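Right, one structure below, let's go through it.
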Amino acid sequence: MAYQTSVLKRRGLRDVLYLGGLGAAAGFINGLLGTGGGILLVLAFSRAAEQEGRAHTISLPITKRDCYANALSVMLPISLFSALRYMAAGSVSPTSFSPFIPPSILGGILGGILLDRLKVSWLRVLFSGLIVISGFFMIFRR
């Protein structure tokens with residue numbers, strides 16, 4: 001991705017504050033709730049990519065697929081630090097989450113492979129459906 005080097009040189013203070021604010025918000029939401037920061041980043045990356053052609057100096061992911069992939073890449077270290085913080089506070093036991101690690105890794109690999117093969121319209125439907133279903137369960141399930 002050749003656009004990254006030149007963009008880093010021409011980023012202004014406003015752009016750095018914008019990106020820093022998005023990152024801080026995603027980290028805060030993920031640290032507070034354990035999830036949700038990636039959703040915020042996908043929406044933010046998508047909006048920034050749409051505005052890219054309108055005199056924006058922020059060069060973020062170009063395609064919708066890039067938005068999903070970049071949000072995931074940002075969320076990996078955020079999730080790791082949040083998990084370590086939860087573990088340090090005694091909120092997490094390795095025996096409780098360890099059975100989920102191997103299938104989650106396999107699922108992540110499969111999802112990464114499918115990301116390049118699915119139509120963007122299907123990705124939008126899947127992403128939107130996940131948000132709606134998650135919200136439904138959080139509101140109505142006790």
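A quick note: this is a predicted structure, and the numbers were derived from the prediction, not measured.
Linking Ile, Leu, Val, Met, Phe, Trp and Tyr residues whenever their side-chain heavy atoms come within less than 4.5 Å leaves Y86 and L32 in two separate clusters. V42 and V120 end up in different hydrophobic clusters when Ile, Leu, Val, Met, Phe, Trp and Tyr side chains are linked at under 4.5 Å. Both F136 and I139 are part of a single hydrophobic cluster, where members link through side-chain heavy atoms under 4.5 Å apart.
The two atoms that bring L40 and A25 nearest to each other are CD2-CB, 3.6 Å, heavy atoms only. Listed here is the closest heavy atom pair of G31 and S82: CA-OG, 3.5 Å. Between I78 and G27, the shortest heavy-atom contact is CG2-CA, 3.8 Å.
In this structure, N30 contributes its side chain and A26 its backbone to no donor-acceptor pair below 3.5 Å.
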Tabulate below the donor-acceptor pairs under 3.5 Å that side-chain atoms of residues 87-110 make, not counting sequence neighbours, or state none.
| from | atom 1 | to | atom 2 | distance (Å) |
| --- | --- | --- | --- | --- |
| S93 | OG | T95 | N | 3.4 |
| S93 | OG | T95 | OG1 | 2.8 |
| S96 | OG | S93 | O | 2.6 |
| S98 | OG | P94 | O | 3.1 |
| S104 | OG | F100 | O | 2.6 |

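Applying the 6.0 Å contact sphere to CZ of F28 captures no more than 12 heavy atoms from other residues, nucleotides or ligands.
F81 forms part of no hydrophobic cluster, judged by ILVMFWY side-chain heavy-atom separations under 4.5 Å. The hydrophobic cluster analysis finds L72 isolated: no Ile, Leu, Val, Met, Phe, Trp or Tyr side chain comes under 4.5 Å of it, directly or through other members.
Here the CG atom belonging to L115 is positioned 8.5 Å from the OH atom belonging to Y68, to the nearest 0.5 angstrom.
Taking the side chain to side chain contact (heavy atoms under 4.5 Å, CB included) definition, one finds that L126 meets it with L118, sequence neighbours left out. L33 meets the side chain to side chain contact (heavy atoms under 4.5 Å, CB included) test with I29; sequence neighbours excluded. In this view, S121 satisfies the side chain to side chain donor-acceptor pair (under 3.5 Å) rule with no residue, not counting sequence neighbours.
For the side-chain contact (heavy atoms from CB on, under 4.5 Å) criterion with M75, the lone passing option out of N70, L41, L80 is L41.
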